[in-house]
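Quick notes on the structure that follows.
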Amino acid sequence: MTLTKPARVRFAPSPTGRLHLGGARTALYDYLIARQSGGQFVLRIEDTDRKRFLPGAEQEFMDALHWLGLQWDEGPDIGGPYGPYRQSERKEIYLQYAQQLVESGHAYPCFCTPERLEKLRSEQQARKQQPRYDGHCRNIPPEEAAARVAAGEPHVIRFKMPRDGSVTCHDLIRGDITYRNDQLDDSILVKSDGWALYHLAAMVDDHLMKITHVLRGAEWLPTFPLHVHVYRAFGWEQPEWVHLSLFLKPSGKGKMSKRDAAELMKDGRSVYITDLRGLGYIPEAVNNWAALMGWSYDDHTEFFTLADLVEKFDIRRLNPSPAAINFSKLDHFNGLHIRHLDQEDLLRRVKPFFEQAGYHPDDATLRKMMPILQPRLKTLDDAPVVAGFFFREEVEPDPQRLVPKKVTPPQALEAAKRLYEVLSALPEVTLESGEQPVRALAEEMGLKAGALFGILREAVTGQAVSPPIFETMEIIGKETVLKRLQHAIEILETMQN
RNA sequence: GCCCCCAUCGUCUAGGGGACCAGGACGUAGCCCUUUCAAGGCUAAGACCGGAGUUCGAAUCUCCGUGGGGGCACCA
């Protein structure tokens, strides 16, 4: 716990895509700060760009956040004292504040056409200059500009950036950053269609919603001075600005593109939260993993539950340098958190993955499987591949593997038959009742125990690797074990000819 | 081209002048355990980008390079 005053933080996604790792980590930190300080976590939808709006995206974001366990206190679905929480429902508010800026001389209407701007930009680029607005409409007398606006002439509202001096902006993890004003642009605040841009809308909302800490990606650093200028123009007190380090692709070369993201999916990995869920990752692991990219607690503690994070997260320990995404570490955390799950909990989570793979698991069997399954799972969707044979009607042993190295087919057949005899003589097959007789059999036949276990494993599971075979047989039951062994014997018999 | 950020093992990081011949984790390799596979335990290899300063002393502070990254929209 590092914050003593209640913090109001907001996660403000744009419904143009899906929640990805970077956003999830920002939301996580937001959540942690709000919870540990007894403040509020606000969800705000930044949907002022009507062209890029994606139907369903808002719901997708909320689903993903819910899955991660990051419940918000105020948002479009539940309302709150500072609503509405959808920017598309706040259009008039932004216009009103834009007008205020025009009247105070901090902004001005610009009548330049997109065509002129495009031409200007390409000329500047040709001259290897920094592309920016040339101030064409900056000095139109206010009365004249107002008249043109009143006459309905198409226009945007631009911020009137000071031409000299500099701004020093304070970032919580980087300290002061100074920008020269003459390097800054007269950015557009309101588009010609009347919709405010981020530079205005987000500042107005953060102020109106009494946000105390703005956490956002480091890609906002270049426009940081603009935002500080906007705050100053309004005479508002600034929030604490926190620019989170960027996530780089696993190679460390650049940030993730849509294309890279699609490419990742081929390896069973993804930066999209709802994909991670489908891939068998659990939210505990995703949160733990994401929390540690850009933040650390000390020099050795790495396992954290959400509750641990609420308690231990310290905004002052954020790291400014970019981090390459490391999926093998996610696998590690996933295994770790799966092993920490209560067995009933694991059962509930793993069941859908069996069903999805086409099995019809019953809870009683599942429950018996948990102890042997739990330490073997990296992801939940590993479950049907390592343990699907529990629910298969029949298992198809591989004839080659039924005959281990240094064992002849006739020996293997003999072994299978004797195994059948030994096991059928048992009241039931368990580790306690079965292991010694089987080992004795191996010795009697002059086979290595491992070879005999191998034959048994292949016959019963149809796999070369499986959970320990006696525990497995105990769960499957003597009857099924014998049936499968009989099937293996038949396969071995046909091999003899 | 311009502006901004960053810089410790392959990766995520601890380190905020002497406690560092730099600690942890993932991954990799080996060993132990072992009926296979995991899990678990142990061990190993592996880093302070370079150069100047400041200082008795620098991974830690300053500057300059270099490298990497981000941004330069009527997107967010």
- Query: Rounding to a whole Å, what distance do you find between A/L248:CG and B/G69:P?
  - Reply: 7 Å

- Note on the structure: Nucleotide by nucleotide, nucleotides 15-20 of chain B touches protein heavy atoms under 4.0 Å in the pattern (B base, S sugar-phosphate only, - none) S-----

- A/T168 OG1 to A/I177 CD1 distance, which is reported to the nearest 0.5 Å: 10.0 Å

- Item | Pairing nucleotide - B/G16, Watson-Crick or G-U, each distance under 3.5 Å | none

- Please report the closest heavy-atom contact between A/S466 and A/R457, naming both atoms and the distance. OG-NE, 2.9 Å

Would you list the atom pairs, donor with acceptor, under 3.5 Å between side chains in residues 195-206 of chain A and any protein atom, with sequence neighbours excluded?
from: A/Y198; atom 1: OH; to: A/R216; atom 2: NH2; distance (Å): 3.2
from: A/H199; atom 1: ND1; to: A/H227; atom 2: NE2; distance (Å): 2.9
from: A/D205; atom 1: OD1; to: A/R90; atom 2: NE; distance (Å): 2.7
from: A/D205; atom 1: OD1; to: A/R90; atom 2: NH2; distance (Å): 3.0
from: A/D205; atom 1: OD1; to: A/Y94; atom 2: OH; distance (Å): 3.2
from: A/D205; atom 1: OD2; to: A/Q87; atom 2: NE2; distance (Å): 2.8
from: A/D205; atom 1: OD2; to: A/Y94; atom 2: OH; distance (Å): 2.5
from: A/D206; atom 1: OD1; to: A/R10; atom 2: NH1; distance (Å): 3.0
from: A/D206; atom 1: OD1; to: A/R44; atom 2: NH1; distance (Å): 2.9
from: A/D206; atom 1: OD1; to: A/R44; atom 2: NH2; distance (Å): 3.0
from: A/D206; atom 1: OD2; to: A/R10; atom 2: NH1; distance (Å): 2.7

- Message: Base contacts versus sugar-phosphate-only contacts with protein, heavy atoms under 4.0 Å: please encode nucleotides 36-46 of chain B as B, S and - from 5' to 3'.
- Response: BBBSS------

- Query: What closest approach, in Å, do A/F354 and A/P384 show between heavy atoms, and which atom pair accounts for it?
  - Reply: CE2-CA, 3.6 Å

- Are A/E263 and A/K249 within salt-bridge range, i.e. N to O under 4.0 Å? no

- Task: Measure from NZ or CZ of A/R50 to the centre of the six-membered ring of A/F53 and say whether it is under 6.0 Å with the direction within 45° of the ring axis.
- Result: yes

- Message: Would the distance check show the side chain of A/H337 and the main-chain N or O of A/F304 forming a donor-acceptor pair, the cut-off being under 3.5 Å?
- Response: yes

Polar atom pairs (N or O), protein with nucleotides 22-29 of chain B, under 3.5 Å:
from: B/G23; atom 1: N2; to: A/D299; atom 2: O; distance (Å): 3.4
from: B/G24; atom 1: O4'; to: A/D299; atom 2: O; distance (Å): 3.3
from: B/A25; atom 1: O4'; to: A/E302; atom 2: OE1; distance (Å): 3.2
from: B/A25; atom 1: O2'; to: A/E302; atom 2: OE1; distance (Å): 2.5
from: B/A25; atom 1: N3; to: A/K329; atom 2: NZ; distance (Å): 2.8
from: B/C26; atom 1: OP1; to: A/H332; atom 2: NE2; distance (Å): 3.4
from: B/C26; atom 1: O2'; to: A/S328; atom 2: OG; distance (Å): 3.3
from: B/C26; atom 1: O2'; to: A/K329; atom 2: N; distance (Å): 3.4

- Note on the structure: With sequence neighbours left out, the residues meeting side-chain contact (heavy atoms from CB on, under 4.5 Å) with A/D186 are A/Y108, A/Y133, A/R138, A/R158, A/M161

- Using atom CG of A/N181 as one end and atom C1' of B/C3 as the other, report the distance to the nearest whole Å. 13 Å

- Message: For nucleotides 71-76 of chain B, give me one character per nucleotide, 5' to 3': B if any protein heavy atom sits under 4.0 Å from the base, S if the only such contacts are to the sugar-phosphate, - if neither.
- Response: SBSBBB

